There are 2 protein chains.
Amino acid sequence: MRLTHLADYAVVMMTAAARREPGERLSATILSEETGVPLPTAQKLMQSLGRAGLLTGQRGAGGGYLLARPVSEISLADIVEAVEGPIALTQCSEGASDCALDAHCKVKPHMGLVGEKVRGALGAVSLKELSQ
Amino acid sequence: MRLTHLADYAVVMMTAAARREPGERLSATILSEETGVPLPTAQKLMQSLGRAGLLTGQRGAGGGYLLARPVSEISLADIVEAVEGPIALTQCSEGASDCALDAHCKVKPHMGLVGEKVRGALGAVSLKELSQ
DNA sequence: CGCCAATCGGAACGATATGGTCCGATTTAA
DNA sequence: TTAAATCGGACCATATCGTTCCGATTGGCG
């Protein structure tokens, strides 16, 4: 039940971005310096965040990233899922069930529900709160 | 935000144990056969669960394990923590802070709170519910 | 029109820790 | 006293995570 390092870094970077003026262009370089996250890693993370629709990238000289949504409409769950993939306690909670115990597993139906609760806890925390 | 395989197995085994008669001696062999978890792995898990105080072990021939508490007083959080260690989103939430970003990390104070919420969600689910 | 700045995407490497297995120590029953 | 059956800890293979680097693409600027 831990966040991966990458997800943790992503949260730190997003909060750093949230503290900036809305509309300001943010490069991976700047956020890297501000947060202490190594530049190559920061680049990779912003790619993931962009693919997930949390950031919009602007290419070319003077380009950079922008928050795709207001800070109050981005949740901790969004950030985590952008980096780690869907939040689910077990992989059988979502499609693929290549689990050896799948045949006579009597816990499976409960896990989906519990996962929802956890996701709810993370979804209730907005980037706005985290950046303060 | 996923459970490790071992934690998942532990939950399956504990629910299997919960479905048995209270007071019945449970060997690792039996639970292994019943759940499909490989025997050596099952042994290792029951050790962890014993150390955590969820199971009490009885050595010698005809020995076995017993649930240390009633099923309604064992939560999903207890099982997960027995195998994975304390539930916390980041390692800085608990003592050791050998994190490169620790110096100017402005998110740290929030993480402890969020971790509590997640733990609450898992703590609200009892073994009694899971075993049904 | 050509150059430069900065992002995007993928591939490859190394480290950590998970997952699985084995063997020794201990205890009770016969 | 013997022996079977269990708990308990140590060990090794493996997979995923984390990190880094490089090339391709795009848009602004001189």
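Proteins come first, then strands; the chains are lettered A, B, ... in the order of their sequence lines, and each starts at number 1. These numbers come from a predicted model, not from an experiment.
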- Message: Across nucleotides 15-22 of chain D, 5' to 3', mark each nucleotide with B, S or - according to how protein heavy atoms within less than 4.0 Å reach it.
- Response: ---SBB--
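Within the nucleic acid shown, B:G57 has no heavy atom closer than 4.0 Å to any nucleic acid atom. Residue contacts for A:R2: at a heavy-atom cut-off of 4.0 Å it reaches no nucleic acid atom on any strand shown.
Taking every heavy atom of both residues into account, A:S93 and A:A88 meet most closely at CB-CB, 4.0 Å.
Atom pair B:R59:CZ and D:dT6:P shows a separation of 13 Å (rounding to whole Å applied). Distance B:M13 CE to C:dG19 P: 14 Å, rounded to the nearest Å. Atoms CG (B:L55) and C1' (D:dG8) sit 14 Å apart, rounded to a whole Å. Between A:Q47 atom CD and D:dT26 atom C1' there is a gap of 15 Å when expressed in whole angstrom units. Distance, A:M46 CE to C:dG9 C1': 16 Å, rounded to whole Å. With rounding to whole Å, A:L45 atom CG is found 15 Å from C:dT7 atom C1'.
For the atom pair CE of B:M111 and CD of B:Q91, the computed distance is 12.0 Å after rounding to the nearest 0.5 Å. A distance of 12.5 Å separates CD1 of A:I79 from OG of A:S48, quoted to the nearest 0.5 Å. Here the straight-line distance linking atom CD of B:Q132 with atom CG of B:L127 works out to 10.0 Å at 0.5 Å rounding. Interatomic distance, OG1 of B:T56 versus CG of B:L66, reported as 5.0 Å (0.5 Å rounding).
Just one residue in the list B:L55, B:L76, B:D78 forms a side-chain contact (heavy atoms from CB on, under 4.5 Å) with B:M14, and that residue is B:L55.
At the phosphate of D:dT6, neither OP1 nor OP2 sits under 4.0 Å from any side-chain N or O atom of B:R25.
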